Structures are given as structure tokens and as C-alpha cells.
Amino acid sequence: MRRLGELEAEIMDRLWAWQRPATVREVVDDINRGRRVAYTTVMTVADILHRKGWLRREKAGRAWLYEPVRSREEYTAGLMRDALGDSQDRPAALLRFVEAISDEDVEALDAALRTARGEADAGTAPGGRA
């Protein structure tokens, strides 16, 4: 999975945060609060994101309404899979990753692993130990 470009990420960030379909005009107006960007530039990038399969769109009058096809979490997970896939020593890469993350992220990773394994009580280690 290729990392999103700067403007692609800005567009996706807004649509993910808003959790609703939006027009290019809404996105442009929001981006322009922090920096200037042309309507046609955002329209072109939104169309590219649509062609790449990141956005779906539906006609609403004369405008298109855009919304993400995948969640921010799915995007992040894809980047993580790709980064891990580039490693020649996956266990070592995972170890270095876990050593570098915060205690809160370690706990979140542990909970995610328990959930993925289908453990009934996320607070109980395998074998019934707490």
C-alpha cells in the first residue's frame, strides 16, 4: 500500500474525521483555513483518490459527494503490514517495534491480540492466568 501524498492525506483526514459524505467545496473551504489551495487542485486529487479506490462518490445536484471506502485504521494497518513485509527478519522487526512503543500502546497491542485470538476475557491471559 502506497502512503498517501500530502494533499491526499489532508482530504482523507477531513473525510475520516467528518464521518459523512462531503463535497470538494467543503474540503477546499476547510483546507483554506490553514493554507491556500485551489478548488480545481482538490477536485483533481479527489478524482484521483476515487480512481484509486480510496473514495466513493455520488452525484448530488451538480456536485459530487465523496466518502472514504476504507477507514483510517484500515489505512494505518495496511502501512504497518507493508513495513513489516519489507523486513527480512520479521520477528526482529516486531521486537524492535514493541521495544519502541509506549506502555499504553503495548497494552493496546496485547488487547488486540487477545481479541484477534477470540479470548473470551480480554483481561485474562491464555490458560486462565490474570
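Along the sequence shown, residues carry numbers from 1. Small disclaimer: the values here were computed from a predicted structure and weren't measured.
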### Side chain Thr76, main chain Arg72, donor-acceptor under 3.5 Å
yes

## Note on the structure
Taken to the nearest 0.5 Å, the spacing of Ile11 CD1 from Arg14 CZ works out to 9.0 Å

### Message
Donor-acceptor pair, distance only, cut-off 3.5 Å: does the side chain of Trp64 make one with the backbone of Ala46?
### Response
no

### Query
Of the non-hydrogen atoms in Val37 and Val28, which two are nearest, and what is the gap between them?
O-CG1, 4.0 Å

### Query
In terms of side-chain geometry, is the basic nitrogen of Asp47 or Arg51 positioned less than 4.0 Å from the acidic oxygen of its partner?
yes

### Summary
Test side-chain contact (heavy atoms from CB on, under 4.5 Å), reference Arg56, set Leu65, Leu49, Val69, output is Val69

### Task
Give a yes or no on whether the backbone of Leu4 and the side-chain of Tyr75 come within a donor-acceptor separation of less than 3.5 Å.
yes

#### Entry: Nearest-0.5 Å distance, CZ of residue Arg36 to CD1 of residue Ile31
11.0 Å

With a cut-off of 3.5 Å and sequence neighbours excluded, list every side-chain donor-acceptor pair involving residues 83-96.
from, atom 1, to, atom 2, distance (Å)
Ser87, OG, Asp89, N, 3.1
Ser87, OG, Asp89, O, 3.1
Asp89, OD1, Ala92, N, 3.3

### Message
Any carboxylate oxygen within less than 4.0 angstrom of a Lys/Arg side-chain nitrogen, looking at Arg2 and Glu8?
### Response
yes

### Audit row: Glu26, Arg20, salt bridge (charged side-chain N to carboxylate O under 4.0 Å, His left out) steps and yes/no
CA-CA 12 Å; Glu26 291 175 285; Arg20 62 168 176 78; 3.1 Å; yes

### Query
Do Val24 and Tyr66 come within less than 4.5 Å of each other through their side chains, counting heavy atoms only?
yes

### Task
Group every Ile, Leu, Val, Met, Phe, Trp and Tyr by side-chain heavy-atom contacts under 4.5 Å, then state whether Ile48 and Tyr39 land in the same group.
no

### Query
Quick one: do Trp16 and Val27 end up in the same hydrophobic cluster if we chain Ile, Leu, Val, Met, Phe, Trp and Tyr together by side-chain heavy atoms under 4.5 Å apart?
yes

### Considering all heavy atoms, the nearest Pro68-Met12 contact
CB-CE, 3.9 Å

### Query
Val98, Leu79: one ILVMFWY side-chain cluster at the under-4.5 Å cut-off?
no

### Message
Counting only heavy atoms not in Glu99 (residues, nucleotides, ligands), do more than 12 fall under 6.0 Å from its CD?
### Response
yes

#### Entry: Trp18 with Trp54, same ILVMFWY side-chain cluster at under 4.5 Å
yes

### Task
Identify the two heavy atoms, one from Arg81 and one from Glu74, that lie closest to each other, and give their separation to 0.1 Å.
NH2-O, 4.5 Å

### Task
Starting at CG of Leu7, measure out to CZ of Arg35 and round the result to the nearest 0.5 Å.
5.5 Å

